[in-house]
K.L.:
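Before I ask anything, here is the structure I am working with.
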Amino acid sequence: MLTILLLTVSNIFMTFAWYGHLKFRQTALWKVILFSWLIAFFEYCFQVPANRLGYGQFNGAQLKTIQEIITLSVFCVFSVFYLGEGLKWNTLVGFAMMAGASFFIFRKW
């Protein structure tokens, strides 16, 4: 559970680093790149320990799958509340299909 918590915090920082600058399109590009890298440092401070702690309990593909599902979840919240963009049904269906793919990754065959 600690791995999932750390990956969630990491993804919150990552989402702001990658997409937070979209509300500041008038700011010089070099400034938003620099600020995004500063935010990304904190993302790595959570992501690296999450993967290190989780590896063994999960394999690499499972860790990546968990991270991607968390990323989609965090992005949905970010998109609605920070960017003010609504989520359309086709976006939600697409995200759900990607999350559904985790069945094949976590299933013991």
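All figures in this text were calculated on a predicted structure; none of them were measured in a lab. We're numbering straight along the sequence, starting at 1.
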K.L.:
Given 3.5 Å as the limit, does a donor-acceptor pair link the side chain of Thr91 with the main chain of Leu87, or not?
P.N.:
no
K.L.:
Do Phe35 and His21 touch side chain to side chain, with heavy atoms closer than 4.5 Å?
P.N.:
no
K.L.:
When you compare the side chain of Met14 with that of Thr71, does any pair of heavy atoms fall below 4.5 Å?
P.N.:
yes
K.L.:
Taking Gln57 for its side chain and Gly54 for its backbone only, find out whether a donor-acceptor pair lies under 3.5 Å.
P.N.:
no
K.L.:
Just checking Lys31: does its NZ atom have more than 12 heavy atoms from other residues, nucleotides or ligands closer to it than 6.0 angstrom?
P.N.:
no
K.L.:
To which residues is Val48 joined in a hydrophobic cluster, defined by side-chain heavy-atom contacts under 4.5 Å among Ile, Leu, Val, Met, Phe, Trp and Tyr, whether direct or through other members?
P.N.:
Tyr44
K.L.:
In Å and rounded to the nearest 0.5 Å, what is the OG to CD1 distance from Ser73 to Ile12?
P.N.:
11.0 Å
K.L.:
Could you tell me whether the side chain of Cys76 reaches within less than 4.5 Å of the side chain of Phe95, counting heavy atoms only?
P.N.:
yes
K.L.:
In the structure I gave you, are the side-chain heavy atoms of Phe46 and Leu7 within less than 4.5 Å of one another anywhere?
P.N.:
no
K.L.:
Is there a donor-acceptor contact under 3.5 Å from the side chain of Thr8 to the main chain of Ile4?
P.N.:
yes
K.L.:
Do side-chain atoms of Trp37 reach the backbone of Ala17 as a donor and acceptor pair under 3.5 angstrom?
P.N.:
no
K.L.:
Can you check whether Glu85 reaches Val80 side chain to side chain, under 4.5 Å on heavy atoms?
P.N.:
no
K.L.:
Honestly curious: do Leu38 and Phe13 fall in one hydrophobic cluster under the side-chain, below-4.5 Å linking rule?
P.N.:
yes
K.L.:
Heavy-atom count check: over 12 atoms from other residues, nucleotides or ligands less than 6.0 Å from Phe81 CZ?
P.N.:
no
K.L.:
Please determine which of Leu53, Asn51, Ile105, Ile66 meets the side chain to side chain contact (heavy atoms under 4.5 Å, CB included) test together with Phe58.
P.N.:
Ile66
K.L.:
For the pair Tyr82 and Phe16, name the ring-plane relationship: parallel under 30°, tilted 30 to 60°, perpendicular over 60°.
P.N.:
perpendicular
K.L.:
Begin from the C-alpha positions of Met98 and Leu72 and carry the test side chain to side chain contact (heavy atoms under 4.5 Å, CB included) through to its verdict.
P.N.:
CA-CA 9 Å; Met98 285 191 269; Leu72 293 173; 4.0 Å; yes
K.L.:
Report yes if some heavy atom in the side chain of Glu43 is under 4.5 Å from a heavy atom in the side chain of Phe41; otherwise report no.
P.N.:
no
